[in-house]
Amino acid sequence: MIDLAALRQDPDAVKKSQAARGESVELVDQVVVADVARRAALGEFESLRANQKAIGAQVAKAQGDEKQALLAETKTLSDQVKAAESALRDIDANLDSLVLALSNVVDPAAPVGGEDDFVVIKEVGTKRDFAAEGFAVRDHVEIGELLGAIDIERGAKVSGSRFYYLTGPGAMLELALVQLAMNTAQKNGFIPMIPPALVKPAAMEGTGFLGQAAENVYHLESDDLYLVGTAEVPLAAYHMDEILEGVLPRRYAAFSPCFRREAGSHGKDTRGIFRVHWFDKVEMFSFCPVDEAVAEHERLLGFEEEFLQALEIPYRVIDVATGDLGSSAARKFDCEAWVPSQDRYREVTSTSNCTTFQSRRLKIRARGAEGVEPIATLNGTLCAVTRTIVALFENHQEADGSVRIPKALQPYLGGASHFKIK
RNA sequence: GGAGACGUCGCAUAGUCCGGUCGAGUGCGCCUCACUGCUAAUGAGGUAAGGGGUCAAACCCUUCGGAGGUUCAAAUCCUCUCGUCUCCGCCA
């Protein structure tokens with residue numbers, strides 16, 4: 001939810017942001033109108049109610065005829081108060097639904113445009129020249145089969161398309177990646193967390209996933225619970241309705257399964273485990289003072305880069321354009337790993353600065369020097385397991401189909417230097 | 001799944017039976033001041049959030065887990081709901 005007071009002050013800034021996202025500009029005007037109406041209705045209700053309470057206090061003291069007279073007076077007042085209250089409630093609900101429909105105000109530094117208008121910030125690492133090395137690139141599906149690490153066929157048999165089993169070395173690799181990620185995060189000041197993957201509507205709503213992203217969320221109707229698409233949801237909602245005390249930023253890193261319906265991506269990335277309905281992920285999350293959020297965003301990006309560098313995977317960083325931001329994000333950086341079989345960079349991690357958008361919805365604030373203050377939330381992927389496996393297998397493959405294990409990961413895999421073909 | 005108890009201002013509690021003087025007392029914690037060689041102790045005062053209003057105040061409204069209802073009036077009565085705890089059953 002955006003800051004209504006700020007919108008009141010400068011509606012044009014919000015309009016500009018909506019335009020940059022390619023979303024409704026006139027929604028801003030509707031909010032302004034609804035806001036004026038609300039304040040009028042609020043004043044009406046409040047003065048009637050104040051009157052009612054004042055007379056009520058007299059009723060309590062009065063006796064006999066005097067009391068009867070007051071009762072008669074306040075009886076009609078009571079009806080007026082009720083009418084004013086219900087009018088206020090309707091206007092309030094209307095305003096709320098309009099404000100909730102507004103996406104976060106984009107960071108002016110974010111490149112304006114659609115999906116393809118991102119800006120490449122940097123490229124890191126060296127892509128291998130497989131032709132020069134003298135062998136044809138295998139994709140992660142082939143490698144996964146050779147190693148006995150990924151079983152897609154049986155994933156489909158048991159659960160349908162976009163499901164998989166990690167088997168043998170694949171299963172151990174996931175655990176190794178997760179441990180490396182969690183250990184790294186803890187060293188960097190994150191509190192390790194294992195959060196619930198099923199959440200109530202309030203948590204989903206509060207993090208902004210029931211808006212335009214709703215069609216990609218699994219919903220368990222009989223229990224009215226949602227399967228989270230990212231640990232961002234239970235981590236953000238962890239402090240829902242709280243005023244944070246003490247030192248900020250407060251950083252958490254969670255290991256959790258992620259479930260995504262992938263509606264609207266039919267036919268996209270159908271091969272392998274690049275785009276699946278379920279995967280596991282280590283996610284970073286930060287509750288941060290508003291004026292430190294931009295620096296914190298850079299920090300999260302830095303942690304993501306360090307992880308990719310530890311895995312020796314070539315990647316680039318892009319500054320995602322306004323039209324491609326999630327509704328909660330003011331700015332987003334993606335790390336895209338080089339995928340040799342596709343001869344292009346593909347997203348493996350993503351970090352967003354949600355400024356105060358989520359914390360307003362979730363009613364999270366912090367006690368600062370000047371009292372209770374709003375707070376910024378930021379999230380970033382440390383390791384999305386399946387996509388990391390794709391990048392790892394493909395970039396570190398050897399001529400015979402075996403895969404070199406990067407040094408940083410070896411301690412978590414019994415010191416082995418390679419995944420060998422079975 | 002069955003039976004019961006309970007959700008109050010950071011924490012712990014009072015208030016609920018018998019509706020108004022309760023937006024709410026007390027203790028602890030925290031903040032300010034005084035006293036003290038320092039700390040501690042003691043004394044005085046302050047200490048929920050959100051909204052409206054104001055140059056700033058004053059002031060007003062809302063919130064006693066949540067949602068409804070009864071009433072002139074609800075922390076207090078009624079209904080539903082969520083959560084916590086205890087016992088039983090079941091289970092990893």
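Just so it is clear: chains get the letters A, B, ... in the order the sequence lines come, proteins before strands, and each one is counted from 1.
- One interatomic measurement links the two molecules: CG of A:L225 to C1' of B:C82, which rounds to 13 Å at whole-angstrom precision.
- Distances were taken from every side-chain heavy atom of A:K200 (C-beta onward) to each of B:G52, B:A49, B:G83; the shortest belongs to B:G83.
- Rounded to whole Å, atom C1' of B:U62 lies 17 Å from atom CZ of A:R39.
- Rounded to whole Å, the distance from CE on A:M240 to P on B:G65 is 18 Å.
- Using N1 to N3 plus N6-O4 or O6-N4 for Watson-Crick, or N1-O2 and O6-N3 for G-U wobble, each under 3.5 Å, B:G50 pairs with B:C61.
- Partners of A:E245 according to the salt bridge (Lys or Arg N to Asp or Glu O under 4.0 Å) rule, which considers only residues two or more places apart in sequence or in another chain, are A:R367.
- Not one N or O on the side chain of A:E292 forms a donor-acceptor pair closer than 3.5 Å with the backbone of A:P249.
- In this structure, the CD1 atom of A:I55 is 12 Å from the C1' atom of B:A73, given to the nearest Å.
- Taking atom C1' in both B:G53 and B:C38, one finds a spacing of 48 Å when rounded to whole Å.
- Of all nucleotides present, only B:G27 satisfies the Watson-Crick or G-U wobble test against B:C11, with each distance under 3.5 Å.
- Between the side chain of A:E46 and the base of B:G51 there is at least one donor-acceptor pair of N/O atoms closer than 3.5 Å.
- Partner assigned to B:C18 is none, using Watson-Crick or G-U wobble distances below 3.5 angstrom.
- The C1' atoms of B:G51 and B:A12 are separated by 30 Å, rounded to the nearest whole Å.
- Using modelled atom types and a 3.5 Å distance limit, the side chains of A:Q358 and A:E232 yield a donor-acceptor pair.
- A sub-4.0 Å separation between OP1 or OP2 of B:A73 and a side-chain N or O of A:S78 is present.
- Distances shorter than 4.0 Å separate none of the side-chain N or O atoms of A:R38 from OP1 or OP2 on B:C61.
- When rounded to the nearest whole Å, the span between CD of A:E85 and P of B:A67 equals 12 Å.
- Checking the phosphate oxygens (OP1, OP2) of B:G52, a side-chain nitrogen or oxygen of A:R8 falls inside 4.0 Å.
- Residue A:G56 is the one, among A:G56 and A:K75, whose nearest nucleotide of RNA chain B lies closer to the 5' end (criterion: closest heavy atom).
- Rounded to whole Å, the P atom of B:C80 lies 14 Å from the corresponding atom of B:G4.
- As rounded to the nearest Å, B:A41 and B:C31 have P atoms that lie 13 Å from one another.
- When the P atom is used for both B:C30 and B:U16, the distance is 32 Å, rounded to whole Å.
- The partner of B:A75 is absent, by the rule that a Watson-Crick or G-U pair needs both atom distances under 3.5 Å.
- No side-chain donor-acceptor contact under 3.5 Å links A:Q18 and A:R21.
- Map A:A57 and A:N51 each onto its nearest nucleotide of RNA chain B; the residue landing nearer the 5' end is A:A57.
- Atom CZ of A:R89 and atom C1' of B:G51 are 16 Å apart (whole Å).
- The phosphate of B:A73 (OP1 or OP2) has no side-chain N or O of A:R49 nearer than 4.0 angstrom.
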**Message:** Checking A:E312 against A:H396 for the side chain to side chain donor-acceptor pair (under 3.5 Å) test, could you report, in this order, the C-alpha distance in whole Å, the side-chain angles of both residues, the deciding distance, and whether it holds?
**Reply:** CA-CA 9 Å; A:E312 301 167 38; A:H396 299 331; 5.1 Å; no
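- Using Watson-Crick or G-U wobble geometry with both donor-acceptor distances under 3.5 Å, B:U70 finds no partner in any strand shown.
- In this structure a side-chain-to-backbone donor-acceptor pair under 3.5 Å is present from A:N188 to A:T184.
- In this structure, of B:C72, B:G52, B:A49, it is B:C72 that holds the atom nearest to the side chain of A:T74.
- Remark: B:U36 base-pairs with no nucleotide; criterion is Watson-Crick or G-U wobble with both hydrogen-bond distances under 3.5 Å.
- Taking atom C1' on both B:G52 and B:A40, the two are 46 Å apart, rounded to the nearest angstrom.
- Using a 4.0 Å cut-off between a side-chain N of Lys or Arg and a carboxylate O of Asp or Glu, A:K75 and A:D79 do not qualify as a salt bridge.
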**Asked** Can you list the steps and then say if A:R275 with A:E262 is a salt bridge (Lys or Arg N to Asp or Glu O under 4.0 Å)?
**Response** CA-CA 8 Å; A:R275 186 179 299 278; A:E262 294 296 345; 3.3 Å; yes
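- Remark: B:A41 base-pairs with no nucleotide in the shown strands. Criterion, Watson-Crick or G-U wobble with two distances under 3.5 Å.
- Listed nucleotides: B:A48, B:G50, B:U62. Nearest to the side chain of A:R367: B:A48.
- Using a 4.0 Å heavy-atom cutoff across all strands shown, A:K363 reaches no nucleic acid atom at all.
- Across the P atoms, B:C6 and B:C91 are found 31 Å apart, a figure rounded to whole Å.
- Separating the CD1 atom of A:I91 from the P atom of B:G52 is a distance of 15 Å, rounded to the nearest angstrom.
- Phosphate proximity of B:C72 to A:Q52: absent, as no side-chain N or O sits under 4.0 Å from OP1 or OP2.
- Distance from the side chain of A:K53 is smallest for B:U62 among the nucleotides B:G68, B:U62, B:A49.
- With a cut-off of 3.5 Å on both Watson-Crick or G-U wobble distances, the partner of B:G4 is given as B:C85.
- Within 4.0 Å of A:L71, counting heavy atoms only, lies at least one base atom of the nucleic acid.
- Taking atom CZ of A:R365 as the reference point, atom C1' of B:G51 lies 12 Å away to the nearest angstrom.
- Comparing B:G25 with B:U21, their C1' atoms are spaced 14 Å from each other, to the whole Å.
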